[in-house]
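Predicted model only: the values in this text are computed from it and were never measured. Naming convention: chains lettered A, B, ... in sequence-line order (proteins, then strands); numbering from 1 in each chain.
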Number of protein chains: 2
Amino acid sequence: MQLNIFQTLADPSRFRIVEALRGGEDAVNGIVNRVGIHQSGVSRHLRILHELGFVQVRPDGQKRLYSLRPEPFRELDAWVASYRSFWEARLDKFAEALNQKAKAHSTKRKETSK
Amino acid sequence: MQLNIFQTLADPSRFRIVEALRGGEDAVNGIVNRVGIHQSGVSRHLRILHELGFVQVRPDGQKRLYSLRPEPFRELDAWVASYRSFWEARLDKFAEALNQKAKAHSTKRKETSK
DNA sequence: CAGGAATATATGCATGACGGCATATATACA
DNA sequence: TGTATATATGCCGTCATGCATATATTCCTG
């Protein structure tokens, strides 16, 4: 189906696998032990992560060592960066709002505080 | 249920709403028209986005103007940043390989201009 | 070449999220 | 006060997705 970056990291299992691989490459069984997910699940998630360019494989004996690839992280960083100007600007607005504490609007009642 | 950042942005509808709000605050109906999702769906997604701190509301007459909040983006940025050393290191290796190839006599400076 | 370990894949099941409808609530305005 | 507009929410059908068991495949080792 081809997920995007967020959909890929949205799954808790995949997220844990990514975090587990932060320390460096590891074999499937190593990941299984560290993240506590069934081997079939780890393999399936690794296949997905591989298809999406999150990880790369390197055969080592009968094991297959998986490690992270930088591209998706750069892409994610680029996306957040495109919002950076916005949320940095909002910091200014916040400071501004602190100065003039009450911004008079029309007469309004108490807002429903969820 | 309480989604995390990735799970929140994983849904295409929510993602589109977030992108739609990049330009600034907008009422529910305005968002409905721009993202092509049913009003009930937009309201529900806005509630989710609000619970997770992605958006804030401001009453304006009988409308409610939604706008983005910076916190989740900062959080996401922080997460990516925690991987930055990793993928910048890989960038360096790549750049290094490039330098090896075209080994000029220039001084080597590979600081990321950020 | 046989045995076995490591990994990959197929299938069935269950859970959960999304979307749309209908309806309820809130606010403005005549 | 009554009506129109705007937004929120309960309900339900549908569908996607993940997990686990079982099976297949690959590859090392003796």
Side-chain angles (χ1 to χ4, degrees), chain A residues 1-21 25-67 104-114, chain B residues 1-21 25-68:
Chain A
M1 174 197 159
Q2 202 68 350
L3 310 170
N4 63 39
I5 292 187
F6 296 110
Q7 293 167 340
T8 303
L9 293 172
D11 179 69
S13 298
R14 277 195 294 271
F15 185 83
R16 295 179 68 185
I17 292 176
V18 168
E19 294 273 72
L21 285 178
E25 64 181 4
D26 197 359
V28 178
N29 259 333
I31 301 173
V32 169
N33 294 331
R34 284 195 288 148
V35 299
I37 307 170
H38 215 268
Q39 179 263 321
S40 67
V42 171
S43 277
R44 183 160 22 85
H45 286 306
L46 282 174
R47 178 167 54 85
I48 296 172
L49 289 171
H50 185 256
E51 285 173 8
L52 293 163
F54 269 80
V55 300
Q56 54 192 355
V57 206
R58 183 172 71 87
D60 175 51
Q62 54 188 162
K63 300 186 178 181
R64 309 184 122 230
L65 299 181
Y66 284 85
S67 55
H105 204 57
S106 57
T107 19
K108 63 182 171 190
R109 298 179 180 173
K110 161 191 172 300
E111 188 184 354
T112 48
S113 56
K114 156 111 202 347
Chain B
M1 80 186 132
Q2 200 68 351
L3 309 171
N4 63 40
I5 293 187
F6 296 110
Q7 293 167 340
T8 304
L9 294 171
D11 180 68
S13 297
R14 275 195 296 271
F15 187 82
R16 295 179 68 184
I17 292 176
V18 169
E19 293 273 73
L21 286 179
E25 64 181 5
D26 196 0
V28 178
N29 259 332
I31 301 175
V32 169
N33 295 330
R34 284 194 286 146
V35 300
I37 307 170
H38 211 267
Q39 180 262 319
S40 65
V42 171
S43 276
R44 189 155 8 89
H45 283 307
L46 282 174
R47 178 168 54 83
I48 296 172
L49 289 171
H50 185 256
E51 285 174 7
L52 292 162
F54 269 81
V55 300
Q56 56 192 354
V57 205
R58 183 173 71 89
D60 175 50
Q62 50 190 165
K63 300 185 179 182
R64 308 186 120 225
L65 300 182
Y66 282 86
S67 55
L68 293 179

(message) How bent is the helix from dC1(C)-dG30(D) to dA30(C)-dT1(D), measuring the angle between the end axes built from five pairs each, rounded to 10°?
(response) 30°
(message) Between C1' on dG19(C) and CD1 on Ile17(B), what's the gap in Å once rounded to a whole number?
(response) 12 Å
(message) Let me confirm one number: the CZ-CG distance from Arg47(B) to Leu52(B), rounded to the nearest 0.5 Å.
(response) 10.5 Å
(message) Tell me the interatomic distance from His50(A), atom NE2, to dT9(C), atom C1', rounded to whole angstroms.
(response) 16 Å
(request) Measure the shortest side-chain to side-chain distance between Phe54(A) and Ile5(A) over non-hydrogen atoms and say whether it is less than 4.5 angstrom. (result) yes
(request) Just grab all the salt bridge (Lys or Arg N to Asp or Glu O under 4.0 Å) pairs involving residues 6-15 of chain B, residues at least two apart or on different chains. (result) none
(message) What is the separation between atom CG on Asp11(A) and atom C1' on dA17(C), rounded to the nearest whole Å?
(response) 14 Å
(request) Give the rounded distance in Å between these two atoms: CD of Gln62(A) and P of dT7(C). (result) 8 Å
(request) Verify, without hydrogens or angle tests, whether Gln7(A) (side chain) and Ala10(B) (backbone) share a donor-acceptor contact under 3.5 angstrom. (result) yes
(request) Whole angstrom is fine here: how far is it from CZ in Phe6(B) over to C1' in dT17(D)? (result) 19 Å
(request) Can you sort out which residues in residues 28-43 of chain B have a heavy atom within less than 4.0 Å of DNA chain C? Ascending by number, please. (result) His38(B), Ser40(B)
Please set out all donor-acceptor pairs under 3.5 angstrom arising from side-chain atoms of residues 25-40 of chain A, sequence neighbours excluded.
| from | atom 1 | to | atom 2 | distance (Å) |
| --- | --- | --- | --- | --- |
| Glu25(A) | OE1 | Arg58(A) | NE | 3.3 |
| Glu25(A) | OE2 | Arg58(A) | NH2 | 2.5 |
| Asp26(A) | OD2 | Arg34(A) | NE | 3.3 |
| Asp26(A) | OD2 | Arg34(A) | NH2 | 2.7 |
| Asn33(A) | ND2 | Asn29(A) | O | 3.2 |
| Arg34(A) | NH1 | Ala20(A) | O | 3.1 |
| Arg34(A) | NH2 | Ala20(A) | O | 3.3 |
| Gln39(A) | NE2 | Ser43(A) | OG | 3.2 |

(request) Check if the side chain of Arg44(B) and the base of dG19(C) share a donor-acceptor pair of N or O atoms closer than 3.5 Å. (result) yes
(request) Please state whether the phosphate of dA6(D), meaning OP1 or OP2, lies under 4.0 angstrom from any side-chain nitrogen or oxygen of Tyr66(B). (result) no
(message) I want to check something: taking the side chain as every heavy atom from C-beta on, are His45(B) and Val42(B) in contact at a cut-off of under 4.5 Å?
(response) no
(message) Output the rounded distance in Å from CG (Leu46(B)) to P (dA6(D)).
(response) 16 Å
(request) Round to the nearest Å and state the distance from Glu51(B) atom CD to dA17(C) atom P. (result) 12 Å
(message) To the nearest 0.5 Å, what is the distance between CD on Glu51(A) and CD1 on Ile48(A)?
(response) 7.0 Å
(request) Give a yes/no on whether any side-chain N or O of Arg64(B) is located under 4.0 angstrom from OP1 or OP2 of dA8(D). (result) yes
(message) Using the side-chain heavy atoms of Ser13(B), tell me which of these nucleotides is nearest: dG19(C), dA4(D), dC27(D).
(response) dG19(C)
(message) If I compare all heavy atoms of Val55(A) with all of Leu46(A), which pair ends up nearest, and what's the gap?
(response) CG2-O, 3.9 Å
(request) Ignoring backbone atoms, test whether His45(A) places a side-chain nitrogen or oxygen under 4.0 Å from the OP1 or OP2 oxygen of dT17(D). (result) no
(request) Measure from NZ on Lys63(A) to C1' on dC28(D) and round the result to the nearest Å. (result) 12 Å
(message) Taking side chain to side chain donor-acceptor pair (under 3.5 Å) as the definition, give me every residue that meets it alongside Glu19(A), ordered by chain and number, with sequence neighbours left out.
(response) Tyr83(B)
